[in-house]
Each structure stands twice: as structure tokens, then as C-alpha cells.
Amino acid sequence: MHRRRIKIWLAIAIIGMVILVGRLAQIQLISTESFSKYGVNLLEKSVAQRTQEMVIDNGRGNFLDQSGEPLIYKKVPVLILFPFLNHLDWPVEEVAAAIGVRDEALLRSLNKAKNPIAFGSPKPFRLSESQMEAINKLKIPGVFAVEKKYPLSDINAEQLIGITGENSTLLKDRYGEKEFAPRTLVGLSGLEKSFDEFLVGEGKSKLVYHVDGVGSPLFGINVKYTEPANPFYPLNVKTTLDKDLQEKAEKLVDQHQIKNGGLVLLDIETNTVLAMVSRPHLNRSQPFGDKGVQNQMLKQQIPGSVFKTVVAAAAIDYGLQPPSRTFDCNQNIYGKEDPNYQHGILDFTESFARSCNRTFADLAKELKDKDEGIIEAYAEKLSLTGKVGWTGSVFHTEDFEQMADEDSGRVFHNDEAKKDDNYVALSAIGQHEVRVTPLAVANMMATIARGGDKQMVRVVESVEYQNGSKVFGFNEKKLTGETVSPFTAQKLQKLLREVIVNEEGTGRWFQELPYAVAGKSGTAETGIMKEGEQTYNKWFAGYFPYENPKYALVTVNLGVHGDEGGVNPLFADMVKEVSAHDKTEEKTD
């Protein structure tokens with residue numbers, strides 16, 4: 001019995017030793033980079049326990065506006081102080097004198113520091129070039145003047161640019177077995193995702209020193225500066241955005257209480273995005289918790305009467321709008337008395353200006369009888385059904401998309417709907433299954449303004465090295481497929497202008513703006529009820545100046561209930577801001 005008990009205890013001891021050795025092997029050899037369900041990197045944690053560091057640059061590339069202004073990060077010249085200075089007799093008075101502050105301020109900031117700090121609170125104290133030079137000439141261990149990269153306090157075009165995060169699995173999926181530094185950021189949405197291969201960090205720039213178990217210097221007080229070996233990196237993505245116009249657009253969208261929607265502003269000559277705003281705001285603490293991460297300007301929306309522009313183009317080409325022809329605009333699309341709109345008897349031009357539903361329902365049915373594919377064909381000619389963002393070959397990627405989150409549009413959900421008069425009538429006024437993106441609508445307006453020249457929309461001009469030289473440039477490209485003729489485009493231009501100048505036109509509110517506007521309004525039923533009432537998508541899409549087109553602008557408010565947020569005042573105020581911006585640019589030139 002005694003011998004049996006010894007054997008049992010011996011077996012238990014051996015099993016315990018095996019478990020302990022296995023656990024040690026897991027910690028030290030097997031799961032060193034992804035330990036436990038939380039994926040803890042034990043190697044990184046081990047190094048962190050023996051080092052203290054100040055990251056100067058996270059190694060990820062930046063986004064710039066068209067003039068080279070940073071959009072995500074900025075470099076700030078700051079004073080870095082290491083906590084081991086508390087245990088040394090260092091010339092604090094010389095450092096204080098060099099930057100024009102009191103000795104006590106430096107000592108107070110270091111007093112409770114457990115890690116390296118950038119002097120200044122709540123914002124870092126910004127050094128001048130001469131101050132940086134003076135500090136670094138002192139050559140005091142633990143005291144450095146460096147340019148540290150900080151995120152901008154206000155990041156605009158947040159959904160367009162997108163977000164990053166730490167995701168080692170995603171890094172491996174995208175880049176295979178290529179090694180990255182711990183905690184490397186990866187693009188999760190927007191341009192951050194599209195251009196991730198250019199932006200992903202080659203390594204951090206940082207100041208590092210080694211400590212013992214109680215935080216004292218382990219190998220003396222020498223601080224090591226580490227940075228990636230290639231001085232041309234990280235790369236920067238130079239966008240076509242105008243930072244000034246983008247900031248003004250952001251303020252106006254919020255000022256006009258657009259909770260779900262936004263605007264798109266294009267440069268017609270280059271077909272590039274100057275400003276793009278999407279709401280709701282992005283919640284960076286929980287970005288995927290709601291629609292805030294989505295760029296509503298790239299998502300399918302119900303367009304309402306903006307789509308009548310497509311039917312008008314087809315009607316012009318098929319000769320369905322002779323000047324003598326009139327339509328009974330006291331009736332709805334089904335030929336019954338309209339309780340909401342009593343426009344009277346109108347011709348084609350007046351019907352477009354006042355947005356008569358009956359006219360365009362009748363025209364669409366006549367077009368369907370000629371050919372069921374006509375409306376879809378003209379939606380494609382005006383760039384509403386395909387993606388309009390720049391695509392092409394970039395290095396080893398054949399179909400690179402600048403705006404990878406962009407939706408395609410559509411007119412009909414299935415072929416049966418094309419044959420049904422009621423569905424065709426509803427589609428003619430931008431209802432039923434018609435879906436378009438605000439970006440595509442802006443591109444339609446730009447295409448018409450250019451006389452039918454249909455181009456891809458660019459939001460990135462080039463990818464650049466740190467010294468500003470170009471890695472790759474994105475040239476202007478035509479959109480494939482047919483477009484409207486110059487004759488048809490000219491007719492559409494006049495129709496869009498009539499919307500503004502007609503005293504009963506839906507755009508008559510824009511007659512007194514500093515630029516002459518041409519455009520089309522839209523109000524679409526969403527099918528979603530709120531407090532017992534229908535909600536609407538409200539649009540205004542146009543271009544300006546009318547005689548010499550420079551800008552295409554779309555403003556949209558989605559799911560509007562009652563009088564929430566006005567797209568017309570937003571459109572008008574944005575035109576005024578663009579005019580003021582142009583005058584400032586002229587004075588500068």
C-alpha cells in the first residue's frame with residue numbers, strides 16, 4: 001500500500017513536470033507572437049519590459065492635399081525628455097534658456113514621468129529651428145529636439161480617407177509572409193485600404209533606451225535612435241482634395257444639419273474630387289458600430305427626379321419632345337388627378353424645369369415601346385450605372401481602384417420590370433429600383449458640362465517619396481462605353497439652366513448666386529416611415545459657372561423626415577464659398 005501511494009505521487013509529479021515544461025515551451029518557443037485568446041505578442045512584451053521608447057514616427061505614409069498640405073498627420077518640432085534625468089545632475093537651466101521657459105516647468109513635467117515625454121501640456125511645446133539646433137548642440141543624454149509625427153486634431157474627409165487598425169491576420173492575408181514590425185497599422189476602409197500597399201509602415205522611427213527591473217538605465221544613459229533604413233519612406237499619397245474647400249464643406253454640411261448625406265465637389269476640367277463630405281460622422285472609438293464608417297457619397301441611393309435627366313437625354317435623341325407637344329401636369333404618372341401638384345399644361349422644357357412626373361413617365365413608356373433597353377443604355381451613357389472612380393493598372397495590380405468602396409448603380413433589378421409600364425413610369429422619376437451614387441451623379445453633371453466627354457473620377461493625383469518625387473502618377477482616363485453626343489449634351493445644358501431661370505423652376509432659389517448655376521433637383525420616397533410619415537432623399541445636383549463650367553456639385557440629404565436639413569441652402573452656400581475661394585486664389589496669383 002505504501003509503495004503504491006509513492007508510485008501515484010511520483011506519477012502526479014511527472015505529469016505536473018510535463019505540463020509545466022509544455023507550458024514553458026508554449027510561452028518561450030511556440031506562442032511567442034500570439035499567446036492566449038488575446039493574441040499577446042510575448043516577444044514584444046518582453047522587450048517592452050526592458051526598454052523605454054518614444055515613437056517619433058509610426059512609419060505609415062501620410063495623405064496630402066493637392067498643394068502638399070498634410071491631411072492625417074503633421075510633424076511638430078518638440079523637446080523629448082527621458083525620465084532617467086530625474087536621477088541625474090543635468091543642466092536643466094541651459095535647456096530652459098534655449099527654449100525660453102522656466103527651469104521649474106521642465107522639472108515639473110518630468111517629476112511624475114515613467115516614460116519619455118514631449119514637453120508641453122496639453123499640447124506639445126513647438127520649437128523653432130534655432131531652438132532645435134541649440135538643444136541638439138548641447139548633446140545632453142536624454143534630451144532631444146526632434147520632429148515628432150502627431151495626428152491632426154481635425155481629420156476631414158474621414159470616410160473618404162478611411163481608418164487604420166492593428167490586425168496581424170489581415171497583414172498576413174494581404175502580404176503573405178513578409179515581416180512587419182509589431183503593432184503595424186493596416187488600412188481597413190477608404191483610401192487607407194485602397195492604398196495600403198503604398199502606405200504600410202517599413203518600421204517606426206523611435207528613441208529607445210534599456211532599463212533594468214526598477215526602470216534604471218541598464219547599459220548607461222545612452223539613448224539609441226532607430227529608423228527604417230530607406231530615407232525615401234514612408235511614401236505619401238497626394239490627393240486632389242483642396243484642404244480649404246474641404247474644411248468649408250465640412251462646416252457647411254454640419255451647419256445645415258445634414259445628419260445622413262453630404263456633398264461632392266468636382267473640378268470639371270480635370271474631373272477630380274476637390275471636396276467630399278459624408279455623414280453621419282465617423283465614430284473612431286467604434287468605427288464599425290454604425291454607418292459612420294461608410295462613405296455615403298459612394299453608396300447606392302434613391303435619386304428621385306435627378307434621374308429625369310437620363311429620360312430627357314433619350315427623349316431628345318428619339319425626337320419625343322417637339323416644341324408643340326404638351327403634357328397634362330395636373331395628373332400623376334398613372335393618369336389620375338394629382339392631389340399634390342397642379343402644374344397645368346406644360347411643354348417638355350417647362351416639364352423639366354418644374355419636374356413634372358407625368359411627362360417623364362409618359363416619355364419613358366414610349367421609349368420602352370421602342371426598345372426595353374433604352375433607359376438603361378442612357379443611364380450608362382451618363383455614367384450612372386457603372387463605377388466612375390479611377391481604375392487601371394498599377395505595378396503588378398491590373399484592376400487597381402482608387403475608391404474600392406464605390407458601389408455601382410442600376411436602373412432595373414430584373415428584366416421583367418423593364419416590360420411593365422408601371423415600373424417603367426416609376427423608374428423614369430428615379431423611384432422603384434433605381435439606385436445611383438452621389439459621386440456618379442456629380443460625374444453625370446460634369447460629363448454634360450463638358451459636352452459629353454465622359455471621364456473617370458480621380459481623387460488621388462500621385463504616390464510620392466518623402467522628398468516629393470513621384471513613384472506613380474494617375475493620369476486622366478476616359479470611361480469606357482458610349483456617351484451622349486455634343487448636340488444632346490448642349491440640349492441638356494439648356495434644360496438644366498432652365499431649372500434655375502424659370503420663375504417656377506425647382507432651382508429658382510439659385511438665381512442670385514455669384515456664379516450662374518445649371519442643375520436638377522430630386523425628392524425620392526425611401527419607403528421608410530418615421531413617426532407615421534414617409535421619409536425622403538433630397539437632392540440638388542448641378543454645375544457652375546454655366547457659361548464656362550468649372551465645378552460640378554451634388555448635395556444630398558438622406559432619409560429626411562419633415563423639414564430636417566436643407567440641400568438647397570447647402571448647395572447655395574457651397575457655391576458662395578467656392579466663389580470666395582476663387583477670388584482669393586486670383587488675388588494670390
Side-chain angles (χ1 to χ4, degrees), residues 55-78 126-130 132-133 136 145-157 160-162 164 181 184-185 187 190-206 225-247 267 269-276 389-390 392-397 400 402-403 456-477 581 584-585 588-589:
V55 175
I56 306 302
D57 190 322
N58 63 11
R60 189 168 180 85
N62 203 352
F63 285 92
L64 312 175
D65 85 338
Q66 59 180 239
S67 62
E69 285 291 307
L71 296 173
I72 302 296
Y73 302 107
K74 63 179 178 181
K75 288 188 175 180
V76 181
V78 296
R126 191 182 188 99
L127 303 178
S128 66
E129 285 188 25
S130 59
M132 289 186 72
E133 188 177 346
N136 290 330
V146 299
E147 283 193 331
K148 187 177 186 305
K149 192 157 80 173
Y150 287 91
L152 293 171
S153 54
D154 293 318
I155 297 176
N156 295 313
L160 173 64
I161 291 174
T164 59
T184 295
L185 295 174
L191 298 179
E192 291 277 18
K193 180 174 73 174
S194 299
F195 287 84
D196 190 56
E197 188 172 354
F198 297 102
L199 297 165
V200 68
E202 294 290 317
K204 298 176 181 178
S205 299
K206 54 190 178 181
Y225 176 68
T226 65
E227 64 177 345
N230 196 328
F232 292 101
Y233 287 82
L235 301 175
N236 291 323
V237 173
K238 189 175 184 180
T239 71
T240 64
L241 296 177
D242 184 304
K243 193 173 184 179
D244 179 53
L245 288 174
Q246 180 69 40
E247 288 174 352
D267 180 308
E269 183 181 356
T270 60
N271 218 47
T272 55
V273 178
L274 294 174
M276 183 181 289
W390 194 98
S393 177
V394 178
F395 296 130
H396 57 274
T397 305
F400 180 85
Q402 285 196 358
M403 291 173 275
M456 293 182 183
V457 179
R458 290 176 298 147
V459 70
V460 170
E461 178 185 311
S462 60
V463 178
E464 299 180 342
Y465 291 114
Q466 277 292 302
N467 64 2
S469 60
K470 192 181 293 186
V471 179
F472 186 87
F474 297 89
N475 298 323
E476 295 180 19
K477 288 183 69 176
H581 174 81
T584 302
E585 291 285 304
T588 304
D589 293 342

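Residue indices begin at 1 and follow the sequence shown.
Note that CG of Leu274 is 11.0 Å distant from CG of Asp244, once rounded to the nearest 0.5 Å. Between the CG atom in Asp267 and the CG atom in Asp242 there is a gap of 10.0 Å [rounded to 0.5 Å]. The structure places OG1 of Thr164 at 9.5 Å from CG of Leu199, a figure rounded to the nearest 0.5 Å. Once rounded to the nearest 0.5 Å, the distance linking CD of Glu461 with NZ of Lys470 reads 6.0 Å.
In this structure the side chain of Phe474 never reaches within 4.5 angstrom of the side chain of Thr240, judged on heavy atoms. Within the 4.5 Å cutoff, the side chain of Leu235 has no heavy atoms near those of the Phe195 side chain. For the pair Phe472/Phe400, no side-chain contact is recorded, criterion being any heavy-atom separation below 4.5 Å from C-beta on. Looking only at side-chain heavy atoms (C-beta outward), Glu464 and Ser469 stay at 4.5 Å or farther from each other.
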Quick one: do Trp390 and Glu476 satisfy side-chain contact (heavy atoms from CB on, under 4.5 Å)? Show the steps, please. CA-CA 9 Å; Trp390 194 98; Glu476 295 180 19; over 6 Å; no

Worked verdict on Met276 versus Val459 for side-chain contact (heavy atoms from CB on, under 4.5 Å): CA-CA 10 Å; Met276 183 181 289; Val459 70; 5.8 Å; no

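Listed by chain and residue number, nothing satisfies the ring pair (Phe, Tyr, Trp, His ring centres under 6.0 Å) test with Tyr150 (two or more places apart in sequence, or in another chain). For Lys193, the salt bridge (Lys or Arg N to Asp or Glu O under 4.0 Å) test picks out Asp405, with sequence neighbours left out. Partners of Asp57 under the side-chain hydrogen bond (donor to acceptor under 3.5 Å, both in side chains) rule, at least two apart in sequence or in another chain, are Lys149. In this view, Asn475 satisfies the side chain to side chain contact (heavy atoms under 4.5 Å, CB included) rule with no residue, not counting sequence neighbours. Here Asn236 pairs with Asn62, Leu64, Gln466 under the side chain to side chain contact (heavy atoms under 4.5 Å, CB included) rule; sequence neighbours left out. In terms of the side chain to side chain contact (heavy atoms under 4.5 Å, CB included) criterion, residue partners of Gln246 (sequence neighbours excluded) are, by chain and number, Asn156, Ala157, Leu241, Glu250, Ala275, Val277. For Glu133, the salt bridge (Lys or Arg N to Asp or Glu O under 4.0 Å) criterion is met by Lys137, not counting sequence neighbours. Legend: residues meeting side-chain hydrogen bond (donor to acceptor under 3.5 Å, both in side chains) with Ser153, ordered by chain and number and at least two apart, are absent. In this structure Glu192 satisfies the side-chain hydrogen bond (donor to acceptor under 3.5 Å, both in side chains) test together with Arg60, sequence neighbours excluded. Applying the side-chain hydrogen bond (donor to acceptor under 3.5 Å, both in side chains) criterion to Thr272, with sequence neighbours excluded, gives Thr270.
Evaluated for a side chain to side chain contact (heavy atoms under 4.5 Å, CB included) with Phe63, the options Leu71, Ile155, Leu160 yield exactly one hit, Leu71.
The nearest pair of heavy atoms linking Gly187 to Asp196 is N-OD1, 2.8 Å. Residue Lys243 comes nearest to Pro70 through the heavy atom pair NZ-O, 2.9 Å, listed as atom of the first residue, atom of the second, then distance.
Checking side-chain atoms of Ser462 against main-chain N and O of Lys238 turns up no donor-acceptor pair under 3.5 Å. Between the side chain of Gln402 and the backbone N or O of Val460 there is at least one donor-acceptor pair closer than 3.5 Å.
Within the structure, the salt bridge (Lys or Arg N to Asp or Glu O under 4.0 Å) test picks out no pair touching residues 61-78 (sequence neighbours left out).
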